[in-house]
Amino acid sequence: MNKVNVEHELHHFLQQKFGFTEFKAGQEEVITSLLNNRSTVAILPTGTGKSLCYQFFGEYTKQPVVIISPLLSLMQDQVEQLRLQGEKRVVALNSNLSFQDKRQVLEQLNRYAFIYLAPEMLRNEAVLAALLQLNIGLLVIDEAHCISAWGPDFRPDYLQLGQMRHQLGDPLTLAVTATATKRVLADMTKLLRLPASFKLVQYSVDRPNIFLATEKLPDEQTKKERLLSLLKQLPGPGLIYFSSKKQCDELTELIQQKTSLHVAAYHAGLSFAERYAVQQQFLTGQLDLICATSAFGMGINKTDIRYVIHYHMPQDLENYVQEIGRAGRDGQQSIAIILFNENDRFLQKRLAFNSLPNSDELELYQQSPAALKSASLESESAYLVTRYQQMGISFADMEQIFTQRRTEKLRALQQMLAYVNYPDCKRNFILRYFDEERVVKHQQNCCQLGEESYDLQQIFANVDQVTNNLPKNTPPSRDYRQVLQKLFRDD
DNA sequence: CGTTCCCCGACTAGTCGGGGAACGGTGCTCTAGT
């Protein structure tokens, strides 16, 4: 079949199976690359329908697709979405399944077209054995930046994915993410052990419809006042990010008291059910804004978020771009604002340092395996040391790895601070950080230069059209209570 | 790692400063017992 016919057939299939008339940017390129049997890394901006790429491949080739996903809620969403599309041969193989259900799924794994699981699940030998029986058509690493961002100090099983991939017979692989610097891309390909011939499909991280601003405030009190005044002026819905659960709760309460906005907090201190309820209320428009920690956001498909405010700047620009990328997916004008106080830098510094075991800790654990064992249930760093040991990494190497990792984190934080203080076009700063050679011309509605003031009314001049102009592909709204009941019917 | 805040004792009756505590994000899985 010649190229034109193939293209025609892919479009025809897209229309028939998914009901779309056009591919979004990058989708066709990724799918074609996979159909040519080339492992692919896809760096596509948020909201471009990355999951369609592998869904299409699975449906088109009728081969099973295994998706490695970082979060249970993300798997849940994707499974539901596929079921809504009429695909019933889909399963999330995780700890939400009862022992019996899990055994049953594993015995009949070949009945499923799409299998979701977390990297930790691959440690389970029964799971690995069942996957080996399968003729995997495509292995997908969803949110693949997690390999580099979470693997070394938080989710060590991400570091094992390359070995797991090899054990599964080096299947055709697709790694997808919205953000990756050259260094993160190098981490991904190395840790996944991708063949040198892999195809890179990369689009700019730039989101031109998001105005970028940073404001320096002398103290906490002025910061709060500025936040409240912004909330009274900004069109919603919106999102505020915090680096502390405590302050996230406190500010949620303050906003409830001082404004008429409907607001809720979202962080890991809440139960799964509470988090799910908040998320659904936000998606269905019952909440005007969410105050959240970095726990919120991955896999959130809300197209009309108008602003993302950072009450605390994040630890690096990768996270920043991920977080502000949740705004304006409908393509309409949106804004990202960092409220910065000099003391905020210490908060991030603490977080960067304390997440990793220090040399005293390592020495203690090395001398006393009993101390390590008893601590590993409670202490994050002891758990990490245990897992590194299981991977066959010596204490000496661990010390080196953690030291290097700390240095990297500090360097990334320095860049974040440099961004906050950057006097020139912030958009260009981001593009440079992500190694893009392209330079954008600074123009109206791009960003705030230096510390000049910016005019919200002018930026949002066309916002009235915005709120009434929802995109056509909005998923059908569901009553979250029904879903919750379904999820917890056994409890 | 570094700031902030609170307590308390010391020199001289309210301020100075030293010590110490608090601050702090992201999630998977498995197990035992209900």
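Throughout, a chain's letter reflects where its sequence line sits, starting with A, and its residues are numbered from 1. Just so it is clear, the model here is predicted, and its values are computed rather than measured. The basis for the numbers below is simple: all heavy atoms, side chains too, and nothing from hydrogens, waters or symmetry mates.
Atom-to-atom, CG of A:D344 to P of B:dT4 comes out at 12 Å; the value is rounded to the nearest Å. Taking atom NZ on A:K409 and atom C1' on B:dT26, their separation rounds to 9 Å, with Å as the unit. Between A:H145 atom NE2 and B:dT26 atom C1' the separation is 11 Å, expressed in whole Å. Across the protein-nucleic acid pair, A:N319 atom CG and B:dT26 atom P stand 12 Å apart, rounded to whole Å. Here B:dC23 presents its C1' atom at 13 Å from NZ of A:K245, a figure rounded to the nearest Å. Following rounding to the nearest Å, A:L356 (CG) and B:dC1 (P) show an atom-to-atom distance of 13 Å. Protein atom CG of A:L413 is 12 Å distant from nucleotide atom C1' of B:dC1, rounded to whole Å. Rounded to whole angstrom, the span from the CD atom of A:E342 across to the C1' atom of B:dT3 amounts to 13 Å.
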Query - Check against side chain to side chain contact (heavy atoms under 4.5 Å, CB included), A:V321 and A:I430 - result: CA-CA 8 Å; A:V321 168; A:I430 290 179; 3.9 Å; yes
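B:dT31 and B:dG24 are spaced 29 Å apart, taking the C1' atom of each and rounding to whole Å. If you take atom C1' in B:dG25 and the same atom in B:dG18, they sit 33 Å apart, rounded to whole Å. For the C1' atom pair drawn from B:dC16 and B:dC11, the interatomic distance equals 9 Å after rounding to whole Å. Look at the C1' atom in both B:dG14 and B:dG9: the space between them is 14 Å, to the nearest Å. One C1' atom belongs to B:dA22, the other to B:dC1, and the distance between them is 14 Å to the nearest Å. A distance of about 22 Å separates the P atoms of B:dT12 and B:dC8, rounded to the whole Å.
Place A:A352 and A:K349 on DNA chain B by their nearest nucleotides, and A:K349 ends up nearer the 5' end.
Ring planes of A:F296 and A:Y266: perpendicular class, angle over 60° (limits at 30 and 60°).
Between A:S244 and B:dC23 there is no side-chain polar atom (N or O) within less than 4.0 angstrom of OP1 or OP2. Taking 4.0 angstrom as the limit, A:N354 places none of its side-chain polar atoms (N or O) nearer than this to OP1 or OP2 of B:dC1.
The backbone N or O of A:L72 sits nowhere less than 3.5 Å from a side-chain atom of A:N94 that would complete a donor-acceptor pair.
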Query raised in the report: What string of B, S and - do you get for nucleotides 27-34 of chain B, 5' to 3', if B is base contact, S is sugar-phosphate-only contact and - is no contact with any protein heavy atom under 4.0 Å?
Result: BSSS----
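In the displayed structure, A:R432 atom CZ is contacted under 6.0 Å by more than 12 heavy atoms of other residues, nucleotides or ligands. Other residues, nucleotides and ligands place more than 12 heavy atoms under 6.0 Å from the NZ atom of A:K216.
The closest side-chain heavy-atom distance from A:L251 to A:K224 is below 4.5 Å.
Donor-acceptor pairing under 3.5 Å is lacking for the side chains of A:H267 and A:T293.
Residues A:R406 and A:D153 are not paired through a salt bridge, judged by the lack of any N-O separation under 4.0 Å between the basic side chain and the carboxylate. A:D249 has no carboxylate O lying under 4.0 Å from a charged side-chain N of A:K245, or vice versa, which leaves the two without a salt bridge.
The aromatic ring centres of A:Y388 and A:F402 sit less than 6.0 Å apart.
Base pairing in DNA chain B yields stems of at least 3 consecutive Watson-Crick or G-U pairs, both distances under 3.5 Å, namely B:2-10 with B:15-23.
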